Visitor: 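The following block contains the structure, expressed as structure tokens.
This is a predicted model, so every value here is computed, not measured. Positions are given from 1 along the sequence.
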Amino acid sequence: MATVEALYKELTAEWTKRPPNTPKCGQLLEQLKVALVKLSFLPTDGTDAQNSKKQLLLARSVLEIAVEHSVISKDLLAFERYMSQLKCYYYDYAKIIGESDNKYKLLGLNLLYLLSGNRVSDFHTELELLSVDIIQHNQYIKPILALEQYIMEGRYNKIFQAKSSMPAEVYNYFMDLLVETVRDEIGACIEMSYEKISAKEAAKRLNLRVPDEIKAFGEKRQWKLEGNGNYSFTDRSIKPKELLPSEELAEQVLSYARDLEMIV
């Protein structure tokens, strides 16, 4: 236990630096993961957990740092893994070790991650674990719920505006991913709604202010740029006309009418 505490003390010292030494923190986290496994990283029953409260508190703190470290490192697989482990401490052992000050900050971060990946079903599953009061009033949860509402209503401009008002700095990376997801949705709508649109108008709808940004976006979605500066979607937005079998439809309607008259 002394070795683990020494590693944790070194980790917190590095983590509290601004900016933190990310590679060094990563090395210390790897060492701590191995050390914590030897100390019953996840106790199997209530008795074990009660007897190792100190270990549980330490493990929870390490995982909280690991979650934020994975975001800074842009390691989404690590984020999912650490978040899954951390939720055990937030929900299964809350009565033993109490509630963490970082709980809702990181649960809100997880909700934003799910939203940024358009994982709406998983998003609502996580929401069901929270009380109505927390959902409606918590400073970390309420803004993320508002983002989901904006998406459902198609108020994408609100998403762009919300980017600068996230409740914690660590949210910014997932917010950037969400903005890109929203832009792709808007881009798909533009393709289906317009035969042609100017690059300037497209940039306005996508909330892109630099010409190179709309150019890069258009190239990513394989938009056809004409010499006059307009994007053309003729080949995408116009579907071939289909001939309606009018005689067959008329006969079918008359048949339904006769059948209905017989029933009545």
Side-chain angles (χ1 to χ4, degrees), residues 60 63-91 94 99-193 202-209 213-214 216-217 220-221:
R60 185 181 69 184
L63 285 171
E64 287 178 336
I65 293 175
V67 165
E68 294 198 41
H69 179 269
S70 65
V71 176
I72 293 175
S73 303
K74 300 181 180 180
D75 188 341
L76 300 184
L77 291 177
F79 174 82
E80 284 202 24
R81 185 170 61 251
Y82 289 133
M83 198 68 221
S84 178
Q85 294 171 348
L86 182 58
K87 283 188 289 184
C88 293
Y89 293 88
Y90 285 164
Y91 296 118
E99 189 170 278
S100 169
D101 292 338
N102 294 313
K103 177 180 177 179
Y104 295 109
K105 173 186 174 183
L106 297 184
L107 289 179
L109 180 66
N110 186 49
L111 287 171
L112 180 56
Y113 165 67
L114 296 173
L115 203 58
S116 70
N118 204 24
R119 293 167 57 179
V120 180
S121 178
D122 293 334
F123 177 87
H124 285 284
T125 298
E126 292 296 320
L127 271 185
E128 289 175 3
L129 298 174
L130 303 174
S131 69
V132 175
D133 183 64
I134 291 295
I135 291 173
Q136 293 180 344
H137 301 107
N138 185 270
Q139 63 175 322
Y140 296 108
I141 306 300
K142 185 179 177 181
I144 309 306
L145 190 64
L147 292 175
E148 194 258 352
Q149 190 67 32
Y150 297 150
I151 293 172
M152 295 295 291
E153 296 172 356
R155 299 166 67 189
Y156 296 137
N157 62 311
K158 291 289 186 178
I159 303 291
F160 298 131
Q161 294 170 10
K163 184 180 176 181
S164 61
S165 59
M166 283 294 95
E169 185 179 352
V170 72
Y171 282 46
N172 291 341
Y173 174 56
F174 290 151
M175 193 63 200
D176 287 339
L177 295 182
L178 177 60
V179 167
E180 288 305 308
T181 298
V182 166
R183 281 204 177 105
D184 282 334
E185 290 291 325
I186 296 173
C189 290
I190 289 174
E191 292 167 11
M192 299 303 296
S193 302
K204 180 180 178 182
R205 294 181 182 276
L206 293 163
N207 198 44
L208 296 172
R209 295 180 173 83
E213 290 179 344
I214 184 61
F217 185 86
K220 183 183 75 170
R221 295 196 63 89

Visitor: Which residues pass the salt bridge (Lys or Arg N to Asp or Glu O under 4.0 Å) test with E128, not counting sequence neighbours?
Guide: none
Visitor: Where do K87 and N110 come nearest, in terms of heavy atoms and distance?
Guide: NZ-ND2, 4.2 Å
Visitor: Return yes if some donor-acceptor pair links the side-chain N/O of S84 with the main-chain N/O of R81 below 3.5 Å, else return no.
Guide: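 No, S84 side chain to R81 backbone: no donor-acceptor pair under 3.5 Å.
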Visitor: For a side-chain contact (heavy atoms from CB on, under 4.5 Å) check, start with the C-alpha distance between V182 and Y150, then their side-chain angles and the critical distance, and finish with the verdict.
Guide: CA-CA 11 Å; V182 166; Y150 297 150; over 6 Å; no
Visitor: If you compare all heavy atoms of R221 against all heavy atoms of G187, which two are closest, and at what distance to 0.1 Å?
Guide: NE-C, 4.0 Å
Visitor: Main chain of L177, side chain of T181: is a donor-acceptor contact present, judged purely on distance under 3.5 Å?
Guide: yes
Visitor: Please report the interatomic distance CD(E213) to CG(L206), rounded to the nearest 0.5 Å.
Guide: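 One finds 10.5 Å between CD of E213 and CG of L206.
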Visitor: Show, in sequence, the C-alpha distance, side-chain angles and deciding distance for L145 and Q136, and conclude whether the side-chain contact (heavy atoms from CB on, under 4.5 Å) test is met.
Guide: CA-CA 8 Å; L145 190 64; Q136 293 180 344; 6.0 Å; no
Visitor: Is the distance from the ring center of F79 to that of F174 below 6.0 Å?
Guide: yes
Visitor: So how far is it from Y89 OH to E64 CD, rounded to the nearest 0.5 Å?
Guide: 11.0 Å
Visitor: Starting at OH of Y90, measure out to CE of M83 and round the result to the nearest 0.5 Å.
Guide: 6.0 Å
Visitor: My understanding is that only residues two or more places apart in sequence, or in another chain, count here; which of them pass side chain to side chain contact (heavy atoms under 4.5 Å, CB included) with E169?
Guide: N172
Visitor: Using the test side chain to side chain donor-acceptor pair (under 3.5 Å), find all partners of E153 that sit at least two apart in sequence or belong to another chain.
Guide: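 In terms of side chain to side chain donor-acceptor pair (under 3.5 Å), with neighbours along the sequence ignored, E153 is linked to Q149, R155.
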Visitor: Holding to ring pair (Phe, Tyr, Trp, His ring centres under 6.0 Å), I want the full list of residues that pass it with Y82, two or more places apart in sequence or in another chain.
Guide: none
Visitor: Could you tell me whether K204 atom NZ has more than 12 heavy atoms of other residues or ligands within 6.0 Å of it?
Guide: no
Visitor: Counting only heavy atoms not in D133, do more than 12 fall under 6.0 Å of its CG?
Guide: yes
Visitor: To check you understand the geometry: which heavy-atom pair defines the closest contact between Y171 and I144, and what is its length?
Guide: CE2-CD1, 3.8 Å
Visitor: Before accepting this row, confirm whether a basic side-chain N of the pair E126/R119 lies closer than 4.0 Å to the acidic partner's carboxylate O.
Guide: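 No.
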Visitor: Can you see which heavy atom on L147 is nearest to which on L112, and at what distance?
Guide: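 Closest approach of L147 to L112, heavy atoms only: CD1-CD1, 3.8 Å.
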Visitor: Would you compute the distance between atom CD of E180 and atom CG of L178 and round it to the nearest 0.5 angstrom?
Guide: 10.0 Å
Visitor: For V179 and Y156, what are the C-alpha separation, side-chain angles and deciding distance, and is it a side-chain contact (heavy atoms from CB on, under 4.5 Å)?
Guide: CA-CA 9 Å; V179 167; Y156 296 137; over 6 Å; no
Visitor: How long is the span from the OH atom in Y173 to the CD1 atom in I72, to the nearest 0.5 Å?
Guide: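 Reported to 0.5 Å precision, the distance equals 12.5 Å.
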Visitor: Is the number of heavy atoms from other residues, nucleotides or ligands within 6.0 Å of NZ (K142) greater than 12?
Guide: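 Count not over threshold, so no.
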Visitor: Could I get the full list of side chain to side chain contact (heavy atoms under 4.5 Å, CB included) partners for N207, not counting sequence neighbours?
Guide: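 Counting only residues at least two positions away or on another chain, N207 forms a side chain to side chain contact (heavy atoms under 4.5 Å, CB included) with F160, R183, R209.
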Visitor: State whether the side chain of S116 and the backbone N or O of Y113 hold a donor-acceptor pair below 3.5 Å, judged by distance alone.
Guide: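 Flag set: sc S116 to bb Y113 pair under 3.5 Å.
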Visitor: Taking atom OG of S165 and atom CE of M175, what is their separation to the nearest 0.5 Å?
Guide: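 Here the rounded value is 7.5 Å.
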Visitor: Using modelled atom types and a 3.5 Å cut-off, is there a donor and acceptor pairing between side-chain atoms of H69 and backbone atoms of I65?
Guide: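 No: the side chain of H69 does not pair with the backbone of I65.
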Visitor: I151 pairs by side chain to side chain contact (heavy atoms under 4.5 Å, CB included) with which of N118, I159, V120?
Guide: I159
Visitor: How close do L111 and F123 get, heavy atom to heavy atom, and via which atoms?
Guide: O-CD1, 3.4 Å
Visitor: Considering all heavy atoms of both residues, which atom of C189 and which atom of S193 are nearest to each other, and what is their separation?
Guide: O-OG, 2.7 Å
Visitor: Just jot down the salt bridge (Lys or Arg N to Asp or Glu O under 4.0 Å) partners of E148, sequence neighbours excluded, or say none.
Guide: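 Partners of E148 under the salt bridge (Lys or Arg N to Asp or Glu O under 4.0 Å) test: none.
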